[in-house]
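Below you'll find the structure, written out as structure tokens, and then a few comments.
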Amino acid sequence: MKETITELLHAAVAELKSSGELPADVDPAIKVEPTRDKAHGDYASNLALMLAKPAGAKPRDLAERLIAALPESAAVSRTEIAGPGFINFFAATDAIASIVGDIIDSGDVFGRSMIGGGEKVQVEFVSANPTGPLHVGHGRGAAIGDCLCRLLEATGFDVTAEFYYNDAGAQINNLMRSVKARAHGLTPDDAEWPEDGYRGDYIKDVADAYLAGEKVTADDREVIAEADPENDEAIRDFAVAYLRREQDLDLKAFGVEFDVYFLESSLYAEGRVEETVAELIKKGHTYEADGALWLRTTDFGDDKDRVMRKTDGDYTYFVPDVAYHYNKWQRGFTTVIDEQGADHHSTVTRVRAGLQALETGIPQGWPDYVLHQMVLVTRSGVEIKLSKRAGSYVTLRDLIDEVGRDATRYFLAARRADSQLTFDIDLARAQTNENPVYYIQYAHARVCSVLRKAESEERPFDHTVAMANLSRLDAEQEKALMNRLARYPETVARAARAREVHQIAQYLIDLASDFHTCYNAQKVMVDDAELRNARLALGLATRQVISNGLSLLGVSAPEEM
């Protein structure tokens, strides 16, 4: 409907240009949006206000001329001018109702598109250090990143999901020392416990498994514990593999899988970090000062230059990040999206500066970032801060065990990534309409229940009768629901372009609200077979869109609740 109205307005502009009422060089970007108040029609355009100045006319006068120039269309029942010159369009019932048949015929592919044109896109997300269980912040990144992959794939992009393991550096040494201390019988309360050691109960689990000689299979390796509490290298390798496996199990329980697992250690083993540093030196963007090697990041928009190699010879953390992203570029990803916590904000400028300094044709502003804010977990209005297993934070597994995968995924993805999120465990567990994921799933289950009732009463859905009588869906609640259904493809495309998965969550809430309102106002199982089947078709279309939308969020669409 929106596209139809846009085409009608383009035709009207062409007519006014040919008559000389509009300048020939006018080429407006026509905007047509759904109205907020259905008393003002189904869609509205501000075209007359946009063109009033070049036309040398008052907006309302120009709106009248545009309406007069609109081609005849069975899709529009009437138009009116509102306010300073908005044109409101009232859609014909037949035109609105046609979306029901389109959805039923399209099924699972309704809303999908090829706006991505097959472009290769890599989405990196979670990328947690393999030093402990995943916390709720990682969970938010997992939900947003995985939903973003689903959204981009649904809009025609060739998506690769990637997890970057920071399996090198000081944090890994701290992990090794922590496991070693546990293997020697120490606890975090002992004076000899490593100063920066990890204190959660999971460290004891790792140490016990190591001493027992267990075998661990991670993504790319199999490690058999040597059970020697003095062998630092063996402890390190086993601990990293053990925790990588634990994180992978948590993510699988969350419905998240990756195409590629990339190890930071491989950048050093393959000489990529040294090669990147050598290339930066060669390009003349580095200098020595105070015994350290610096990168002139101020040449590329940073507020000050950054140390690359410290006086002790170790590289700062952003250097392997530059090498890693250069590797992404070499793998052919023209678009890379890094989904990370907001605490990584300071690395964005440095990584981009380092990539520009390589002078290899990487565009400015590459890669893209989606940064999420922290998650506050509450129960009975009180913040929950600790998990016995983790020792200092609430884990993703804690949430899944408490409220289930569906509620966890929905709640973590349903807000804008850049807004702080309060995860209310009581609300997530509630079997009431106040719980948004329950409210949406209940709409899906409600349609399934009606269809079962129709079968049990020997009045099953008749597709032919339904398609012939969609014009009977003329109640205001039915029209509002159909208009909402028609916006789904546009919502998916817009969310993909903006990389905002919360738009899908919000759309589903609005759709569920429209459905429940319609269902409560308009009885479905009426004696009139034509009207009954038309309303069953509307329910089927709603169920399909809810299922399609929940699939983008990785949330199930139950048939019974």
Side-chain angles (χ1 to χ4, degrees), residues 122 124-132 160-180 196 198 206 210 215-226 228 230-248 251 258-283 286 292-293 295 306-333 336 338 340 344 347 350-351 354-355 357-358 360 362 367:
Q122 187 226 48
E124 181 210 331
F125 58 106
V126 184
S127 296
N129 296 338
T131 55
T160 297
E162 186 153 317
F163 189 124
Y164 178 62
Y165 277 112
N166 294 107
D167 64 333
Q171 75 276 6
I172 300 300
N173 288 329
N174 290 334
L175 172 65
M176 179 273 294
R177 285 193 287 267
S178 304
V179 174
K180 183 177 181 179
D196 294 320
Y198 296 96
V206 179
Y210 177 76
K215 179 173 69 175
V216 172
T217 301
D219 174 63
D220 63 344
R221 68 187 65 185
E222 185 176 270
V223 178
I224 299 175
E226 293 191 9
D228 179 0
E230 301 301 330
N231 189 331
D232 291 358
E233 196 62 35
I235 294 172
R236 180 185 291 106
D237 289 347
F238 180 82
V240 168
Y242 185 100
L243 289 168
R244 283 181 58 192
R245 181 188 65 181
E246 292 297 300
Q247 291 182 355
D248 191 46
L251 290 168
F258 291 87
D259 302 303
V260 176
Y261 292 90
F262 196 102
L263 303 181
E264 180 186 359
S265 58
S266 71
L267 295 171
Y268 292 95
E270 297 171 7
R272 293 184 180 273
V273 174
E274 291 289 348
E275 290 172 7
T276 301
V277 171
E279 193 65 23
L280 291 170
I281 294 172
K282 179 181 176 182
K283 290 295 191 293
T286 65
L293 179 67
L295 180 66
R306 305 292 175 175
V307 173
M308 294 176 57
R309 187 173 59 225
K310 297 179 287 186
T311 55
D312 62 6
D314 290 340
Y315 291 113
T316 53
Y317 65 90
F318 89 92
V319 176
D321 283 352
V322 173
Y324 172 46
H325 283 84
Y326 184 36
N327 174 266
K328 294 183 183 186
W329 178 259
Q330 291 173 316
R331 281 186 274 157
F333 293 112
V336 166
D338 290 351
Q340 299 175 339
H344 287 80
T347 69
R350 297 173 205 181
V351 170
L355 293 169
L358 288 169
T360 55
I362 296 175

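Heads up: numbering here begins at 1 and tracks the sequence.
Listed for the Gln247 side chain is a donor-acceptor partner under 3.5 Å among the backbone atoms of Gly132. Looking only at distances, no side-chain donor or acceptor of Ser265 sits under 3.5 Å from a matching main-chain atom of Asp167.
Here Glu124 pairs with Lys328 in a salt bridge; the nearest charged N to carboxylate O distance falls below 4.0 Å.
Residues Asn231 and Tyr210 are in side-chain contact: their nearest non-hydrogen atoms beyond the backbone lie under 4.5 Å apart. Side chains of Tyr326 and Leu358 form a contact here, defined as non-hydrogen atoms less than 4.5 Å apart. In this structure the side chain of Glu233 never reaches within 4.5 angstrom of the side chain of Met176, judged on heavy atoms. Side-chain atoms of Ile172 and Pro130, non-hydrogen and from C-beta on, do get closer than 4.5 Å to each other. At least one side-chain heavy atom of Met308 sits less than 4.5 Å from a side-chain heavy atom of Thr286. Between Leu280 and Val319, every side-chain heavy-atom pair lies at or beyond the 4.5 Å cut-off. Here the side chains of Val223 and Phe238 are in contact, with some heavy-atom distance below 4.5 Å. Within the 4.5 Å cutoff, no side-chain heavy atoms of Leu175 are placed close to those of Val206.
The minimum heavy-atom distance linking Val260 with Thr160 is given by the pair CG2-CG2, 4.0 Å. Nearest heavy-atom pair across Ala241 and Ala218 is O-CB, 4.0 Å. The shortest heavy-atom contact between Ala323 and Thr276 is CB-OG1, 3.4 Å. Counting all heavy atoms, side chain and backbone alike, Val307 lies closest to Ala292 at CG1-CB, 4.0 Å. When all heavy atoms of Gly354 and Leu295 are compared, the pair lying nearest together is CA-CD2, 3.8 Å. For the pair Asn166 and Gln171, the tightest heavy-atom approach, listed with the atom from each and the gap, is O-NE2, 3.0 Å.
Both cation-pi conditions hold for Arg244 and Tyr165: the charged atom is under 6.0 angstrom from the six-membered ring centre and inside a 45 degree cone around its axis.
Judged as a ring-ring contact (aromatic ring centres under 6.0 Å, His included), and not counting sequence neighbours, the contacts of Phe258 are Phe125, Phe163, Tyr261. Considering only residues two or more places apart in sequence or on other chains, Tyr317 meets the side-chain hydrogen bond (donor to acceptor under 3.5 Å, both in side chains) condition with Arg350. Remark: Tyr324 pairs with Tyr164, Phe262 by the ring-ring contact (aromatic ring centres under 6.0 Å, His included) rule, at least two apart or across chains.
Rounded to the nearest 0.5 Å, atoms OG1 (Thr360) and CD (Gln330) are 8.0 Å apart. Summarising the geometry, atom OG belonging to Ser127 is positioned 9.5 Å from atom CG belonging to Asp321; distances are rounded to the nearest 0.5 Å. Distance CG/Asp232 to CG/Asp237: 11.0 Å, rounded to 0.5 Å.
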Show the numbers, then the answer: is there a side chain to side chain contact (heavy atoms under 4.5 Å, CB included) between Asn173 and Arg236? CA-CA 7 Å; Asn173 288 329; Arg236 180 185 291 106; 2.7 Å; yes
Apply side chain to side chain contact (heavy atoms under 4.5 Å, CB included) to Val273 and Tyr268, showing your working. CA-CA 6 Å; Val273 174; Tyr268 292 95; 4.0 Å; yes
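A donor atom on one side chain and an acceptor atom on the other are found under 3.5 Å apart for Asp338 and His325.
Heavy atoms of other residues, nucleotides or ligands lying less than 6.0 angstrom from NZ of Lys310 number more than 12. Other residues, nucleotides and ligands contribute more than 12 heavy atoms inside 6.0 Å of the NZ atom of Lys283.
Only one option out of Glu275, Glu274, Glu270 pairs with Arg272 in a side chain to side chain donor-acceptor pair (under 3.5 Å); it is Glu270.
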